[in-house]
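Note sheet for the following structure.
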Amino acid sequence: MTETVVTRFAPSPTGFLHIGGARTALFNWLLARSLGGKMLLRIEDTDRARSTDAAIDAILDGLKWLGLDWDGDAVFQFARADRHRQVVDQMLASGRAYPCYATQAELEEMRSTAQAEGRPPRYDGRWRDRPESERPTDRSPAIRLKAPTEGETVVDDLVQGRVVIPNKDLDDLVLLRSDGTPTYMLAVVVDDHDMDVTHVVRGVDHLTNAARQTQIYQALGWVVPKMAHIPLIHGPDGAKLSKRHGALGVEAYREMGYLPAALRNYLARLGWSHGDDEIFSSEQAIEWFKIGDVGRSAARFDEAKLQNLNGHYMRATPDHELMAALRQALPYLPGGPAAAERLEATGRWPALESALPGLKERAKTLVELLDGARFLLDERPLAVEPAAQALLTPEARALLATLGSRLAALDPWTAAGAEEIVRSVADESGVKLGAVAQPLRVALTGRKTSPGIFDVLVALGREESIGRIADQTPAPAAG
RNA sequence: GCUCCCAUCGUCUAGCGGUCUAGGACGUCGCCCUCUCACGGCGAAAACAGGGGUUCGAGUCCCCUUGGGAGCGCCA
């Protein structure tokens, strides 16, 4: 019998799609796809105060952008509250759960005295075995799990190995709050069971929860799904990734000009490896992925490596595809919308695409690519960067003047033809190619660096090129 | 405090008792290519946290120490 593998990604919609969450989703996705199974999506929105529609949209949008598709419709946990309560009734009836009337103040006190005595803060089970006759009628109880007090609970984890937690360290967790709403701990178990989830892949921060949830499964007599708790992502300083480390949400990576495929590759390689392979497609990752190959130690997020990887992806992407990716990303990039407008107005979309080969090998992100393409966006007369200004010496301007008139006669307007002219001007003037090429670069782009200057000439076209050169050429005699 | 997890170059990692004078990648530093910057090529520096065992033999297994991390809610 072949059981269909079912994984699930279960974010709580209280913010954007966290980069760590994205990796959890990726591993769930890889596991499901590699085993021919399904990945489900469940929105854990039981915290009504913190859950927002905007966050749900952000998470869905982030997953789609990253190319992580899920099977079926997203399940909303809050909508299943009745089912959760039904399961608790079942547990109450079987004696595996009991009502607890302890007040917040009592719980507070329990915690503080436990702390003071050096014991782990936990519920003392004071309502666990109280007879019904003692139950107060002036308030409604929370329902707690009657957890085993002795022995140990074992989590056979696909990544962490066999993790054993003494039951005495696990208290009777709340299943249903006194207002009748189910807790996360209960909801997760019931939903995973009802959704036929076979593999639970999530962050190690849930490892202790896994033990507690195992107790719930056992109380219910349900099969415990396979678990895989993957290590968390840390910031460059080794501490858990947080706001102060900068970008946290995947949408920020879109804004920084990263390609989804590159981010997927990077994230997959963070904590998982297939020998020495560094650059691989998602298809390869799916083929190679084994959850057991995921390491147990936390990995630091290294943006320099992500950038390098993204650079590889950009260079490897065919121009028309990269062009499409850029057009899609433009609305999200800083200055992107304005750039799109300019390209539209000047009709330079084709020029940009033709300049892509030179542009993409000089950029690690789409943002850098766009910056490199600025010479195509700028209008005459060009603003020359201060650092570049120094190259426009009187001698250089004179060379430019010669160059301008020679170039004007070039036909057809090709890179090879332009190169021939530039080289001969250099030869005739007895200077090195650079002495002509550099001033030409400044005249054409306003900067000291750019793609190959002959390619720039072609991308800009004859009229614009000649014009820009003229802009930097001394006015004839008159002055 | 208690419970659990982790520990190879600065970073991500390969290594699953002998092939390790520890490999790859990013980053760093040289050199080459060159119209600039890149790309690319070549090369260099750079690690088994410490201490005990087990074993003929340990980066690989066990224990301790140290150092990190996570969890301990009527949050998820």
Side-chain angles (χ1 to χ4, degrees), chain A residues 10-14 44-47 49-51 77 100 102-104 107 111 114-123 141-144 155 157 159-161 163-166 168-171 173-179 181 183-185 187-188 203-209 211-212 229 231-232 234 236 238-240 266 269-279 295-309 311 315 358-364 368 372 388 391 419 422-423 426 432-442 445 447-454:
Chain A
S12 52
T14 55
E44 312 225 305
D45 55 350
T46 53
D47 186 335
R50 292 198 296 156
S51 299
Q77 193 160 59
C100 167
T103 62
Q104 287 300 338
L107 295 174
R111 268 191 287 271
Q115 295 267 29
E117 291 169 21
R119 290 183 290 108
R122 47 170 285 235
Y123 175 67
I143 307 299
R144 286 182 184 270
V155 177
D157 197 277
V159 170
Q160 302 294 326
V163 179
V164 181
I165 314 270
K168 64 176 174 54
D169 295 320
L170 266 16
D171 61 3
L173 68 265
V174 172
L175 298 168
L176 227 49
R177 301 186 186 95
S178 49
D179 66 0
T181 59
T183 60
Y184 158 82
M185 213 61 81
V188 168
V204 261
D205 48 336
H206 285 286
L207 191 56
T208 318
N209 290 340
R212 311 183 81 117
H229 289 87
L232 268 21
H234 286 181
K240 186 178 172 178
Y266 178 73
R269 194 65 187 65
L270 208 54
W272 173 78
S273 66
H274 179 262
D276 284 337
D277 292 304
E278 296 285 347
I279 299 176
R296 295 191 220 183
S297 53
R300 300 184 192 202
F301 195 88
D302 180 7
E303 198 172 345
K305 188 157 183 174
L306 207 210
Q307 286 197 356
N308 173 276
L309 203 51
R315 272 171 260 131
L359 252 19
K360 69 182 181 186
E361 74 177 25
R362 291 171 171 76
K364 291 188 170 68
E368 289 183 8
L391 287 168
E419 175 162 6
V422 175
R423 285 192 186 278
K432 287 185 180 171
L433 181 57
V436 181
Q438 277 301 78
L440 178 57
R441 168 168 288 109
V442 176
T445 69
R447 310 213 255 191
K448 287 171 73 178
T449 66
S450 80
I453 201 61
F454 311 117

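Naming convention: chains lettered A, B, ... in sequence-line order (proteins, then strands); numbering from 1 in each chain.
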Euclidean distance, atom CD of residue A:Gln307 to atom C1' of B:C39 [Å, nearest integer]: 16 Å

Euclidean distance for P, B:C29 against B:C37 (whole angstrom): 15 Å

Sugar-phosphate, base or nothing in reach of A:Ala142, heavy atoms under 4.0 Å: base

Check: B:G23 base within 3.5 Å donor-acceptor of A:Asp276 side chain: yes

Separation of B:U36 C1' from A:Leu391 CG (nearest whole Å): 9 Å

Spacing of A:His229 atom NE2 relative to B:C6 atom C1', expressed in whole Å: 16 Å

Sidechain-backbone polar pair: A:Thr445 side chain, A:Arg447 backbone, donor-acceptor under 3.5 Å: yes

Short side-chain N/O contact to B:C74 OP1/OP2 from A:Arg111, under 4.0 Å: yes

Between B:C32 and B:G50 - C1' atom distance, rounded Å: 44 Å

Sugar-phosphate only, base, or nothing, as touched by A:Ser12 at under 4.0 Å among non-hydrogen atoms: sugar-phosphate

Short side-chain N/O contact from A:Ser273 to OP1 or OP2 of B:A14, under 4.0 Å: yes

N-O pairing of A:Asp157 and A:Arg296 below 4.0 Å: no

Upstream residue (5' side of RNA chain B) when A:Asp45 and A:Ile165 are each assigned their closest nucleotide: A:Ile165

Ion pair A:Lys360/A:Glu368, N-O distance below 4.0 Å: no

Sugar-phosphate only, base, or nothing, as touched by A:Phe454 at under 4.0 Å among non-hydrogen atoms: base

Sugar-phosphate only, base, or nothing, as touched by A:Thr449 at under 4.0 Å among non-hydrogen atoms: base

Watson-Crick or G-U wobble mate for B:C42, both contacts under 3.5 Å: B:G30

hbond_proxy A:Arg315 side chain to B:C39 base (donor-acceptor, 3.5 Å cutoff): no

Whole-Å P distance, B:U3 and B:U55: 31 Å

Short side-chain N/O contact to B:C35 OP1/OP2 from A:Arg441, under 4.0 Å: no

Protein-nucleotide distance (A:Asn308, atom CG; B:U28, atom P), rounded to Å: 10 Å

Residues that A:Arg441 engages under side chain to side chain donor-acceptor pair (under 3.5 Å), provided they are two or more places apart: A:Gln438, A:Ser450

A:Val174, nearest nucleotide to its side chain (from B:A76, B:C74, B:G27): B:C74

Nucleotide nearest A:Arg296 (side chain, heavy atoms from C-beta), chosen from B:C6, B:C74, B:U13: B:C6

Parallel, tilted or perpendicular: ring planes of A:Tyr266 versus A:Phe301, cut at 30 and 60 degrees: perpendicular

Nucleotide of B:C26, B:C12, B:A76 approaching A:Tyr184 most closely (side-chain heavy atoms): B:A76

Sugar-phosphate only, base, or nothing, as touched by A:Pro451 at under 4.0 Å among non-hydrogen atoms: base

Watson-Crick or G-U counterpart of B:C37, or none if no pair lies under 3.5 Å: none

Check: A:Lys168 main-chain N/O paired with A:Arg122 side-chain donor or acceptor under 3.5 Å: yes

Sugar-phosphate, base or nothing in reach of A:Val188, heavy atoms under 4.0 Å: nothing

Residue-phosphate contact under 4.0 Å: A:Arg144 side-chain N/O, B:C74 OP1/OP2: yes

Out of B:G71, B:U13, B:C35, whichever nucleotide has its closest atom nearest the side chain of A:Asp205: B:G71

Touch class at under 4.0 angstrom, heavy-atom based, for A:Gly271 against every strand present: sugar-phosphate

Side-chain donor/acceptor contact of A:Arg362 with base of B:C39 under 3.5 Å: no

B:C4: pairing nucleotide in any strand, Watson-Crick or G-U under 3.5 angstrom: B:G69

Pairwise C1' distance for B:C12 and B:U28, with rounding to whole Å: 16 Å

A:Leu176 or A:Gln160, whichever maps to the more 5' nucleotide of RNA chain B: A:Gln160

A:Asn209 vs B:G71: side-chain N/O to OP1/OP2 distance below 4.0 Å: no

Touch class at under 4.0 angstrom, heavy-atom based, for A:Ala435 against every strand present: nothing

Sugar-phosphate only, base, or nothing, as touched by A:Glu278 at under 4.0 Å among non-hydrogen atoms: base

Between B:G52 and B:A58 - P atom distance, rounded Å: 13 Å

Sugar-phosphate only, base, or nothing, as touched by A:Leu232 at under 4.0 Å among non-hydrogen atoms: sugar-phosphate

Pairwise C1' distance, B:G10 and B:A45 [rounded to whole Å]: 12 Å

OP1 or OP2 of B:U36 under 4.0 Å from side-chain N/O of A:Arg447: no

Integer-rounded Å distance: B:U3 P and A:Leu207 CG: 15 Å

Sugar-phosphate only, base, or nothing, as touched by A:Ile453 at under 4.0 Å among non-hydrogen atoms: base

Nucleotide nearest A:Arg300 when distance is taken to its side chain, options B:A76, B:C4, B:U11: B:U11

NE2-CG distance between A:His229 and A:Asp205, expressed to the nearest 0.5 angstrom: 8.0 Å

Sugar-phosphate only, base, or nothing, as touched by A:His234 at under 4.0 Å among non-hydrogen atoms: sugar-phosphate

Presence of donor-acceptor pair under 3.5 Å, side chain of A:Ser178 and base of B:C74: yes

Separation of B:C12 P from A:Leu270 CG (nearest whole Å): 8 Å

Any donor-acceptor N/O pair, A:Thr183 side chain to A:Leu175 backbone, under 3.5 Å: yes

A:Arg362 side chain to A:Gly358 backbone, donor-acceptor under 3.5 Å: yes

Base partner of B:U21, which must satisfy Watson-Crick or wobble distances under 3.5 Å: none

Donor/acceptor link under 3.5 angstrom from A:Arg122 side chain onto base of B:U3: no

Candidates B:C2, B:C74, B:A25 - which lies nearest the side chain of A:Asp169: B:C2

Worked check of side chain to side chain contact (heavy atoms under 4.5 Å, CB included) between A:Tyr123 and A:Cys100: CA-CA 10 Å; A:Tyr123 175 67; A:Cys100 167; 3.0 Å; yes

Euclidean distance for C1', B:U8 against B:A47 (whole angstrom): 5 Å

Who pairs with B:U54 - Watson-Crick or G-U, where each distance is under 3.5 Å: none

Short side-chain N/O contact from A:Thr46 to OP1 or OP2 of B:A76, under 4.0 Å: yes

Between B:C9 and B:A49 - C1' atom distance, rounded Å: 14 Å

Separation of atom NZ in A:Lys364 from atom C1' in B:C26, rounded to whole Å: 11 Å

